[in-house]
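For reference, the structure is listed below as structure tokens.
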Amino acid sequence: MFASSRNNMIKGMGIGLAVGTAAAIAGTQLMSPGTRRACKKGAAKCMRNVESMVNGIVSMTK
């Protein structure tokens, strides 16, 4: 039971990091006009990297 709650905590931290990073990227990119596509691309790349990191941490704690 402890391992499950630890994994949930790690996943929650990863999701929080992803959301915060995506919000920061969106905020800086949307200030410059005409960069909507680059912003979407950068946010998607960030989300994939964070997902990969969280999956790696979860697999290490198993």
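This one's a predicted model, so the numbers in the text were calculated from it and none came from an experiment. Sequence positions, counted from 1, serve as the residue numbers for this chain.
The hydrophobic clustering, which links ILVMFWY residues whose side-chain heavy atoms are closer than 4.5 Å, places Met53 and Ile10 together.
Under the side-chain contact (heavy atoms from CB on, under 4.5 Å) criterion, Thr21 pairs with Ile25, Cys46, not counting sequence neighbours.
Heavy-atom contacts from other residues, nucleotides or ligands closer than 6.0 Å to CE of Met13 number 12 or fewer.
Ser52 contributes no side-chain N or O that, together with a main-chain N or O of Arg48, makes up a donor-acceptor pair within less than 3.5 Å.
Across every non-hydrogen atom of Ala18 and Val50, the tightest pair is CB-CG1, 3.6 Å.
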